[in-house]
Amino acid sequence: MRILIASSEVHPYSKTGGLADMAGALAKYLALAGHRVGVVTPFYAKIPEKFPTLRSSGSSLKLMLGSQEISAEIRTLEPAEGLTIYFIHQPDFFFRASLYQQDGIDYDDNAERFVFFSKCAAHLAQHLDWKPEIMHAHDWQAGLASLLVHHRRTREGWGTAPKTCFTIHNQAYQGNFPAFKFGLTNLPWDYFNHRGVEFYGGMNCLKAAIVYADLITTVSPRYAREIATQAFGHGLDGVLRERQNVLVGILNGVDYDEWKTAGNPFLPHPYSVDSLDGKAQAKRDLQRQYGLPESEQAPLFGTVTRLVDQKGIDIQLSALEEMLAGDMQFVLLGSGDAQYERAFQKLAARHPSKVGVRIGYDHALSHRLEAGCDFYLMPSRFEPCGLNQMYSLRYGTIPIVRATGGLDDSIIDLTEDVDLANGIKFYDYSSRALAKAIRKGLALYGNRELFAHLRTNGMTADFSWERTAERYVEQFQRAAHK
Ligand code: ADP
């Protein structure tokens, strides 16, 4: 098929979270399966540092954004056969210190930046010479692209318009803006009503996509059920229930070319399910790097995360406070809300021989942490898919997760299936339930046979992208032939 993906972040070019991993891997594996794939994404300031050979394609575009005409250059890269990345080079919008916000505050022109980005995606969908059959947009930043294609198909006579697929990576982030920002779309105001893009008087980019996309997917089957309920819907559950006939949950895959324990540039000591010495070495290296005693016996727990409410940081801090009295160590890599960053730094200051904290974003360290730990903690309040629990499985690090969204879909607890168990699950959102799960981890650590059984199950589990990409193609075909 011919598929154009629109995403505001794409690994390895830009990333703040799982969206980047997913968009990058999906594009790569669709192209590997023989499809013609394009990816449209902003050209951020750090991209030319990492990819200095990237040149201008010589093409550009000029689009109206409200009353202003904005131009952008299109830079292209062909990282693999059948795959073209179309970078939107608009330095005023995208050459910033970070992608969406600074010092925890969203850029005040995010509506302008991402309405423009969505317009570029719809424009390419219409003008690329290879004529995409599917435009696959991701998250609110590309949400209006679904509406723009719908508009041109239904009101401007674009007979060969692609079908649109929209993937929700996180229903909590919706792209809400004041009503007047709808003017930036240059679309008729009749779309701005409660059955369209309007949400409590403002413009909601996620809602626009949910209402107008031909097909909606989200990143795990359980999250697909959850977001259509009031408890997880963030106000959009009713809108989703109306579109339930086109909503599908597909669990993300893992790019095992990158997340691997042998031949990985970030892991100096390779290991495998049959030979775990390299993992023991990774643990010692990690303990040393974090200034903790290099003890093989001490069970080492870790987390790599954005430090935001969703990730269950509050219950994690109190459960750790309770559990650190015992013999265990904990390492964190994360950044986000200042109050959580401070709270972890204080925890480390109180327990210098047991807790190590790195505030920041560090891709190489995220691999080393996954490899060096015995257990991975992921006590999310909600979790659309979650990738780190799946990376942990492959790295032989036992995940301890709260049973929500993709965490529930990917982790099997001993109480569910003794033979297939690969991790520890808890249900209540409370520090007490998490502390109990950590206690189970400590008991498991003392039972080497059972520990090895779970670890082997995890390391041999298969969440490969080949299969996931096939599921997307099945859905694209269904949409294309409607
Ligand atoms: P989310 O998208 O909600 O942040 P996911 O689990 O889906 O959560 O994906 C998170 C991705 O971002 C993982 O690849 C994880 O390793 C990475 N990540 C998050 N925080 C950091 C950090 N501080 N340093 C390096 N990688 C990080």
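Note that ligands are numbered from 1 as they come in the structure, with each ligand's atoms numbered from 1 the same way. Note that the structure is a prediction, hence the values are computed from the model and not measured.
- For the ligand labelled ligand 1, residue Gly386 lies inside the 4.0 Å heavy-atom shell.
- Taking every heavy atom of both residues into account, Arg394 and Trp259 meet most closely at CG-O, 3.7 Å.
- Looking at atom 22 (C) of ligand 1, its nearest protein heavy atom turns out to be Tyr361 CD1, 3.4 Å.
- Between Gly17 and ligand 1, not a single N/O pair is under 3.5 Å apart.
- In this structure, Arg368 is not positioned above the aromatic face of Phe266 in the sense of NZ or CZ being under 6.0 Å from the six-membered ring centre and within 45° of the axis.
- Taking any N or O of Asp362, backbone or side chain, at least one lies under 3.5 Å from an N or O belonging to ligand 1.
- Looking at every heavy atom in both residues, Val10 comes nearest to Gly24 through CG1-CA, 3.7 Å.
- A salt bridge links Arg96 and Asp109; the closest N-O separation between the charged side-chain nitrogens and carboxylate oxygens is under 4.0 Å.
- Against a heavy-atom cut-off of under 4.0 Å, Gly360 is close to the following atoms of ligand 1: 22 (C), 23 (N).
- Regarding atom 7 (O) of ligand 1, its nearest protein heavy-atom neighbour is Gly18 CA, 3.5 Å.
- Residue Arg306 has at least one heavy-atom neighbour below 4.0 Å for each of these atoms of ligand 1: 1 (P), 3 (O), 4 (O), 20 (N).
- Looking only at distances, a side-chain donor or acceptor of Ser295 sits under 3.5 Å from a matching main-chain atom of Ala298.
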query: Can Gln316 and Thr303 be said to form a side chain to side chain donor-acceptor pair (under 3.5 Å), step by step?
result: CA-CA 10 Å; Gln316 184 163 355; Thr303 299; 3.0 Å; yes
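- In this pair, Phe43 and His89 present their aromatic rings perpendicular. The plane angle is above 60°, beyond the 30 to 60° band.
- Here Asp21 has side-chain heavy atoms under 4.0 Å from ligand 1, and that is the only part of it that gets that close.
- Taking 4.0 Å as the cut-off, Lys311 counts as a neighbour of ligand 1 on heavy-atom distance.
- When only non-hydrogen protein atoms are considered, atom 6 (O) of ligand 1 lies nearest to Leu387 N, 2.9 Å.
- Heavy-atom proximity to Lys15, at under 4.0 Å, picks out these atoms of ligand 1: 11 (C), 12 (O), 13 (C), 14 (O), 17 (C).
- Atoms of ligand 1 lying under 4.0 Å from at least one heavy atom of Asn388, given by number and element, are 6 (O), 10 (C), 13 (C), 15 (C), 16 (O).
- Using a cut-off of 4.0 Å between Lys/Arg side-chain N and Asp/Glu carboxylate O, Glu322 and Arg439 are scored as salt-bridged.
- Salt bridge Arg402/Glu383: absent, no basic N to carboxylate O contact under 4.0 Å.
- With a heavy-atom cut-off of 4.0 Å, Thr305 touches ligand 1 through its backbone alone.
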